[in-house]
Amino acid sequence: KVWEWKAESGGAITRQLRRLGASCDWANERFTMDEGFSKAVTRVFVELHKRGLAYRDKRLVNWDPRFQTAISDLEVETREVQGKFWTLKYPLADGSGAIQVATTRPETMLADMAVAVHPDDERYAGIVGKQVKLPITGRLIPIVADEHADPELGSGAVKITPGHDFNDFEVGKRAGFKPAEMLNMFDGTARVLQTSDGSIPEGLLGLSREAARKAVVELLEREGALVSVEDRVIATPYGDRSGVVIEPWLTDQWYVDAAKLVVPVLEATGSGAIKIVPETWKKTWFNWLENIQPWCVSRQLWWGHRIPAWYGPELDPSGKPILNADSMLDNRSPHRIFVGETWEEVCQSAQQSYGSEFKIIEGSSDDSYGTVRAVDALDEERDSKVYIPLWRDLDVLDTWFSSALWPFATLGWPEETDELKRHFPNDILISGFDILFFWDARMAMQGIEFMGTPPWKTLYLHGLVRDAHGQKMSKSKGNTVDPLGLIDKYGADALRFTMAAMESQGRDIKLDEKRVEGYRNFATKLWNAARFLQMNGVGASTSIAAPEAKLPVNRWIIGEVVETLAKLDKAFADLRFDDMADAIYHFTWGTFCDWYVELVKGELNAPQVGSETRAVAAWAFDQILVMLHPFMPFVTEELWGAMGTRPYELIVAKWPAPEAAVDAASKAMVEQAVGVIDAVRAMRSELNIPWTASLTPYLVTDLSDLKSTGEAIGAMELFRPQLRQMAKLNDVLEVHTPPPGSAQIVVNGATIAFPLGDAIDLDAERGRLSKALEAAEKDRDGLATRLGNAAFTERAKPEAVDKARADHAERALEAERLAAALARLG
RNA sequence: GGGCGCGUAGCUCAGUGGUAGAGCACUGUGUUCACACCGCAGGGGUCGCAAGUUCAAUCCUUGCCGCGCCCACCA
């Protein structure tokens, strides 16, 4: 049944991954309960035990009374709960007075074993060592001196319940109590159980924690032992899965000596052998590792890796086994522990331990059956040997114990497989920070312990997806987003791209559906661009390197690809997925679609330049597909195939290698043309010049700046068809003074006038120019002020001063041109 | 109590010691033969508050206000 559930749940997870387009090695799927993996788990446990790093210990654990199992510190979550604070009065046994103690859990007084005061607390100096007679139970308990008691708090005296409080456990040990002697007053479901001294009144037995509290408080009140009650907010431990209050409970459990395993992890992180990204997590990482507690790894569950430990009876002085099978498994009777990977191995070490006069047999996991068999065997004394039954531990290992082995156990360890050699260690682990301690830290610990090196070089911690209100998504809150729903609506590509674009290091992601929609539109845009290219005879590129190109537009777009690629490479090296997404998005839409495609529309099938342009367009588009593929694998792969016959699929295509450089001259020319088009469009829009009206541009020659004029005219000549198409401009004319009634634009130091005759709205044009002039003057003057400041020119970095000078010159020139244009208007 | 982080355009978020950016939303405009899931143009921010360091601070330092998370034994 559970395996069915596992198949279903695991299937759902892998289905989601597949639909997201995760490129996994599906043939090598692994589950931690697979046979091979289980073998690795057993091996690790046995090895840790051999090395003294896994051991059985009796101490307080976090006990979950609902699931009736121990859990680790990490599975406990502290919640602030409204509670009460009771002050109690315990009478001294010699009748010489009473001592007050305070508690938030009055019911635990039934298992009190001492009252502690601070050694330096003069108020109590005289009574340390005296006995107190505990109300209700009448138990006599000592007053002890211990640093734990804080004189500032309450009365300065504190009741000590070593069996039910982590602090008190430590105090109790210091006061000389052995864990085995510590009183326990709860059973596994947290109902009141008689303590070993039998002092709890009958009426209280079997009550739940809550009921016991009520009853105890009533009894205390009746005895006059209750001094006061006040309301108080109490930090209370809850099981993160069960949601019930966790009970500190005294049991025997298996522990892993995490403090030892952590030493090389700290070293590796310190030396940089493990790099943590973003770095801010380093502090958290160190802080946790440096304060790590023994890791409780045994769980009283029936699903998981069974602990490979067997218990056998201790021998009494006469050499007979002490068979108390019903108490053997929880180690309440004297026992010996055997740990081994197989029954044979365990048998062997047991034989060695007990001696050859004994015969080792396997005790049934059903206690009574094992007892009977063992006793029968004893009676018969067959082979004249005494039979020793060994019972295997019923507990299973914490799931994170096996998960921690993932980086190497999946690769066949402990066998020395080729996969292991090839894939261990990994370059990078990408993980949510919510499992930083649960999983990542333990992978690091076990990886170094068993493989000698950290399991990965970089640990990248990404943000968590939160809902629209910033709440963490959880099944219990019901605010989870099903990725499949979003995929159905917008496509996996859009979802993936959104995730990448939102993943700036470390910060959480509030998923905004509008954003997903926007990237769906982006995918559509790409699709349409491909369609257009195909319609114009552009197919698959035949080369990986950029094609030879003469035309400036083509040389320019090749340079743009080179620059975009550099941005992507840089962002990737920095693990900035948002920057990568941003760069490819803007190149594709803003540069390629909005400008390149528009600029070459007329050239694609032109007689002279057509083939070159088609080749460049095909190549550039291919580069987009390759660069975009990691983010949008589905559309890009589809288009890759649609553009032409390919020797291989996009998913295995090599990352772009243009073998080309940015051509500054082409770039300048294209930018000049683009500047003109932009300015004309803005002018048309602001002056309400209908799009259908073509305009004749008059380039105003400036004898003092023939360079700007020349460049402008060159670019405008070169892009004459594009200017006609994209800005509705007639052929350019050169003049020294523009005709009256002209609208004017200033682009890179060149002034272009458009005679509008009577059609011009002089006020609008004046307003337009004034506004631009004002902006230019403001910038110019601001820069002038700064440059006039001796402190700036002397102390600022030379680059900053140079830049200010250059900016100032540019803005000043622009202002001058605009002022002239304005003056011409009259 | 300790630690980490956040507060930047209406919203969701980037960002840099040299007078701020994106997407969406918004306004105007356009159905020109890739795309209205579109094109074109445009408006919008005293970068939480205060002080300090600096020639210069949104960016560094300190304090404060508001918010989130993690860790922790205050009975």
Side-chain angles (χ1 to χ4, degrees), chain A residues 73-74 77-78 85-87 101-105 108 116 148-150 152-161 165-171 234-235 237 248 278 280-284 286-288 291 433-434 436-437 464 466 468 470-472 490 494 498 501-502 504 506-515 517-536 576 578-579 582 585-586 593-594 597-598 601 677-678 681-686 688 690-692 725-726 728 778-779 782-783 786 789-797 799-801 803-804 807:
Chain A
D73 297 346
L74 285 175
E77 66 179 46
T78 308
F85 189 65
W86 287 267
T87 303
V101 295
T103 180
T104 56
R105 300 200 56 193
T108 62
H148 167 68
D150 184 347
E152 308 290 316
L153 279 169
S155 65
V158 54
K159 72 193 224 21
I160 301 299
T161 322
D165 183 285
F166 287 98
N167 286 316
D168 294 3
F169 180 75
E170 295 304 321
V171 177
I234 297 162
T280 100
W281 285 104
K282 223 165 146 175
K283 205 159 186 171
T284 311
F286 272 114
N287 188 50
W288 188 73
N291 296 301
F433 59 76
D434 53 336
L436 177 62
F437 305 139
L464 261 36
R466 312 228 110 121
Q471 297 279 316
K472 182 175 170 174
Y490 302 106
T498 307
M502 301 291 287
S504 58
R507 195 153 149 163
D508 284 351
I509 296 171
K510 269 186 238 171
L511 195 58
D512 181 2
E513 201 172 314
K514 296 299 283 178
R515 194 89 184 236
E517 188 186 336
Y519 291 126
R520 186 272 319 265
N521 295 351
F522 175 54
T524 309
K525 181 79 181 178
L526 184 76
W527 182 266
N528 285 319
R531 256 182 43 197
F532 173 78
L533 294 176
Q534 283 177 298
M535 285 164 53
N536 285 279
R576 286 303 301 252
D578 56 336
D579 285 348
D582 195 58
Y585 179 92
H586 284 107
C593 291
D594 287 349
V597 170
E598 294 301 329
K601 263 185 180 166
I677 293 169
D678 266 343
R681 282 169 171 173
M683 178 191 75
R684 281 177 178 279
S685 173
E686 282 165 52
N688 275 317
W691 196 88
T692 44
Q725 181 68 28
M726 296 170 73
K728 270 278 184 185
K778 196 182 152 210
D779 285 359
L783 288 161
R786 204 193 303 168
N789 183 353
F792 172 69
T793 47
E794 281 162 24
R795 299 206 202 176
K797 287 176 297 188
E799 309 93 85
V801 179
K803 182 167 186 304
D807 288 351

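Throughout, protein chains are lettered first and strands after them, A, B, ... in sequence-line order, and every chain is numbered starting at 1.
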>> For Watson-Crick and G-U wobble pairs within 3.5 Å on both distances, what is RNA chain B written in dot-bracket notation, | included for inter-strand pairing?
In response: (((((((..((((.......)))).(((((.......))))).....(((((.......))))))))))))....
Report which part of the nucleic acid [X] touches: base, sugar-phosphate, or nothing (heavy-atom distance under 4.0 Å, all strands).
{"X": "A/D165", "result": "nothing"}
{"X": "A/D150", "result": "base"}
{"X": "A/A682", "result": "sugar-phosphate"}
{"X": "A/A501", "result": "nothing"}
{"X": "A/T524", "result": "base"}
{"X": "A/R531", "result": "sugar-phosphate"}

Phosphate oxygens OP1/OP2 of [N]: is one of them under 4.0 Å from a side-chain N or O of [X]?
{"X": "A/N528", "N": "B/rC38", "answer": "no"}
{"X": "A/K159", "N": "B/rA75", "answer": "no"}
{"X": "A/S685", "N": "B/rG42", "answer": "no"}
{"X": "A/R786", "N": "B/rA56", "answer": "no"}
{"X": "A/R576", "N": "B/rG15", "answer": "yes"}
{"X": "A/K601", "N": "B/rA34", "answer": "yes"}

Say we look at [N] and [M]: how far apart would their [atom1] atoms be, to the nearest angstrom?
{"N": "B/rC11", "M": "B/rA51", "atom1": "C1'", "value": "32 Å"}
{"N": "B/rC49", "M": "B/rC33", "atom1": "P", "value": "50 Å"}
{"N": "B/rG42", "M": "B/rU62", "atom1": "C1'", "value": "42 Å"}
{"N": "B/rC37", "M": "B/rA25", "atom1": "C1'", "value": "16 Å"}

> Looking only at atom types and distance, does a side-chain atom of A/R684 sit under 3.5 Å from a main-chain N or O of A/K728, one as donor and one as acceptor?
Replying inline: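 It does hold such a pair.
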Tell me whether the side-chain N or O atoms of [X] pair up with the base of [N] as donor and acceptor below 3.5 Å, since no angle test is needed here.
{"X": "A/K525", "N": "B/rC35", "value": "yes"}
{"X": "A/E598", "N": "B/rA34", "value": "yes"}
{"X": "A/R520", "N": "B/rC37", "value": "yes"}

> Using the ring of each side chain (for Trp, its six-membered ring), is A/F522 parallel, tilted or perpendicular to A/Y585, with breaks at 30° and 60°?
Replying inline: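 A/F522 vs A/Y585 ring planes: tilted.
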> Can you name the salt bridge (Lys or Arg N to Asp or Glu O under 4.0 Å) partners of A/R576, sequence neighbours left out?
Replying inline: A/D578
>> Tell me every residue that passes side-chain contact (heavy atoms from CB on, under 4.5 Å) with A/K803, counting only those two or more places apart in sequence or in another chain.
In response: A/D807
